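Computed from a predicted structure; not experimentally measured. No hydrogens, no waters, no symmetry mates; every other heavy atom, side chains included, goes into these values.
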Amino acid sequence: MISMPADVSARLTAIDWSGVQNAVKDYGPALKVLQSTWDRESLRDIAQGKLFVPDSTINAAIERSMTEDAPVKSIQIQSHENGRMDIALDGTKAGRVELSGTIEAFVHNGDQSYLVYHVRSKNIPKHGLMSWVFSRISLGMAERLVGSFPVNASMPMKIRGNRVSIDYRAALAASSFGQTEFRGHRLLDMIEIKGAVPRDGGIEFQTELHMPADMKQSLLAILQQGE
């Protein structure tokens, strides 16, 4: 894998997506997925290694994933400058549940995709409810970087002490981002998420873009066409 160089990162801010699609029709399906997932600013930030996603954006993604038969009425996260991420939910049977904790890991790379949340206050409710809740939180956190993906209560999850770990790799692989290729390479392999740190009002993700040499040359050509 070859990381995106600074000169390519600088070019990302000048992308005219409509112009790119018209000029390079062969890449239409991949560009359509990229366009629906990233805007110019987020693509630039991802290439530079840090993307800030507001709580409101994550909460909106969580809300979109909920159905009428959901075991909770609402889920809201709130991030703080001290590194805490609070979770508040209204369960149909469990009632009001409030958790406060830290994100110990939020990772996506070629081998694994998982979230580890360490509850620092309150006890963790029953396993089944938490599986449902954290699958939605994983989707909400990842959507701005890799688009939406299917979630369900069977997402692999472990609770050890006050640590909740959820594996969303299979669900992510089933998404449009996971199934779309660009010159024989999955879009999903273009982006790496190394971590996530709560800040005041949102979460800062540590990111990196990767691509083989042939894809780098193709992307350079597309960017030149789009200018």
Side-chain angles (χ1 to χ4, degrees), residues 1 17 27-39 42-43 45-47 51-72 74-77 79 85 87 89 103-117 127-158 164-182 184-196 198 202-211:
M1 294 288 186
W17 286 109
Y27 302 136
L31 291 173
K32 185 176 181 180
V33 173
L34 288 171
Q35 184 183 17
S36 66
T37 305
W38 299 334
D39 56 26
S42 62
L43 189 53
D45 291 345
I46 291 170
L51 175 68
F52 180 81
V53 181
D55 289 338
S56 57
T57 299
I58 298 173
N59 286 326
I62 293 172
E63 184 176 355
R64 286 194 297 271
S65 74
M66 296 175 63
T67 58
E68 292 184 359
D69 60 348
V72 304
S74 66
I75 307 172
Q76 293 280 314
I77 70 160
S79 305
M85 184 179 82
I87 302 170
L89 63 100
I103 300 171
E104 292 200 343
F106 190 84
V107 170
H108 163 69
N109 54 42
D111 300 320
Q112 49 196 354
S113 305
Y114 63 90
L115 161 70
V116 179
Y117 181 78
H127 185 283
L129 178 62
M130 287 297 95
S131 178
W132 194 97
V133 168
F134 277 94
S135 66
R136 269 66 188 175
I137 291 174
S138 297
L139 178 148
M141 291 177 62
E143 185 173 283
R144 194 70 186 89
L145 292 97
V146 293
S148 60
F149 54 91
V151 296
N152 55 60
S154 64
M155 261 188 185
M157 190 188 79
K158 295 179 181 178
V164 180
S165 304
I166 190 156
D167 185 339
Y168 60 93
R169 180 185 179 189
L172 193 53
S175 69
S176 295
F177 217 84
Q179 296 184 348
T180 302
E181 293 187 350
F182 181 89
H185 303 281
R186 293 192 312 166
L187 297 182
L188 193 58
D189 296 331
M190 290 176 57
I191 185 168
E192 178 180 355
I193 306 172
K194 298 181 174 182
I203 297 177
E204 182 181 273
F205 294 86
Q206 288 79 51
T207 61
E208 189 170 340
L209 284 179
H210 300 285
M211 63 190 67

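- For the pair Ser148 and Ser175, the tightest heavy-atom approach, listed with the atom from each and the gap, is O-CB, 3.4 Å.
- When side chains are defined from C-beta on, Ile166 counts as touching Ser135, because their heavy atoms get closer than 4.5 Å.
- Phe134 places a side-chain heavy atom less than 4.5 Å from the side chain of Ile87.
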Q: Could you go through the side-chain contact (heavy atoms from CB on, under 4.5 Å) check for Met141 and Val53 one step at a time?
A: CA-CA 8 Å; Met141 291 177 62; Val53 181; over 6 Å; no
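- Qualifying ring-ring contact (aromatic ring centres under 6.0 Å, His included) partners for Tyr168, counting only residues two or more places apart in sequence or in other chains: Phe106, Phe149.
- Evaluation of the side-chain contact (heavy atoms from CB on, under 4.5 Å) rule for Ser56 yields Pro54 as partners, not counting sequence neighbours.
- In terms of heavy-atom proximity, Thr207 sits nearest to Ile46 at OG1-O, 2.9 Å.
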Q) Where do Asn109 and Ile193 land on the side-chain contact (heavy atoms from CB on, under 4.5 Å) test, with the steps shown first? A) CA-CA 7 Å; Asn109 54 42; Ile193 306 172; over 6 Å; no
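- The shortest side-chain heavy-atom distance between Ile191 and Glu208 does not fall under the 4.5 Å cut-off.
- Inter-residue side-chain proximity for Val164 and Leu115 is flagged as unmet; no heavy-atom pair is nearer than 4.5 Å.
- In terms of modelled atom types and a separation under 3.5 Å, the side chain of Arg144 and the main chain of Ala61 share no donor-acceptor contact.
- Considering only residues two or more places apart in sequence or on other chains, Glu192 meets the salt bridge (charged side-chain N to carboxylate O under 4.0 Å, His left out) condition with none of them.
- Ionic pairing of Arg64 and Glu143 is present here: one or more N-O contacts between side-chain nitrogen and carboxylate oxygen are shorter than 4.0 angstrom.
- Among residues two or more places apart in sequence or in another chain, the side chain to side chain donor-acceptor pair (under 3.5 Å) test is passed with Asp167 by none.
- Distance check, rounded to the nearest 0.5 Å: OG of Ser165 to CD of Glu104 gives 8.5 Å.
- Val151 places a side-chain heavy atom less than 4.5 Å from the side chain of Arg136.
- Looking at residues two or more places apart in sequence or on another chain, you find a side-chain contact (heavy atoms from CB on, under 4.5 Å) between Thr180 and Ala30, Val33, Leu187.
- For the atom pair Tyr117 OH and Ile77 CD1, the distance stands at 9.0 Å (nearest 0.5 Å).
- Considering only residues two or more places apart in sequence or on other chains, Ala105 meets the side-chain contact (heavy atoms from CB on, under 4.5 Å) condition with Val107, Tyr114, Val116.
- When the side chain to side chain donor-acceptor pair (under 3.5 Å) test is applied to Asp111, no partner is found at least two apart in sequence or on another chain.
- Under the side chain to side chain donor-acceptor pair (under 3.5 Å) criterion, Ser113 pairs with His108, not counting sequence neighbours.
- Two residues are said to be in side-chain contact when any heavy atoms from C-beta on lie closer than 4.5 Å; Ile58 and Ile137 fail this criterion.
- Partners of Arg169 under the salt bridge (charged side-chain N to carboxylate O under 4.0 Å, His left out) rule, at least two apart in sequence or in another chain, do not exist in this structure.
- Every residue meeting the side chain to side chain donor-acceptor pair (under 3.5 Å) condition with Gln76, not counting sequence neighbours, appears here in chain and number order: Asn59.
- In Glu63, the CD atom is not crowded: 12 or fewer heavy atoms of neighbouring residues, nucleotides or ligands sit closer than 6.0 Å.
- Across Pro150 and Ala174, no two heavy atoms sit closer than the pair CG-CB, 4.1 Å.
- Every residue two or more places apart in sequence or in another chain that forms a side-chain contact (heavy atoms from CB on, under 4.5 Å) with Glu181 is listed here: Arg186.
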Q: Tell me, with the steps shown, if Thr37 and Phe177 meet side-chain contact (heavy atoms from CB on, under 4.5 Å).
A: CA-CA 9 Å; Thr37 305; Phe177 217 84; 3.9 Å; yes
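- Interatomic distance, Leu139 CG to Ser65 OG, rounded to the nearest 0.5 Å: 5.5 Å.
- You'll find the side chain of Met85 reaches within 4.5 Å of the side chain of Ile203, heavy atoms only.
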Q.
side-chain contact (heavy atoms from CB on, under 4.5 Å) for Trp132 and Met155? Distances and angles first, verdict last.
A. CA-CA 8 Å; Trp132 194 97; Met155 261 188 185; over 6 Å; no
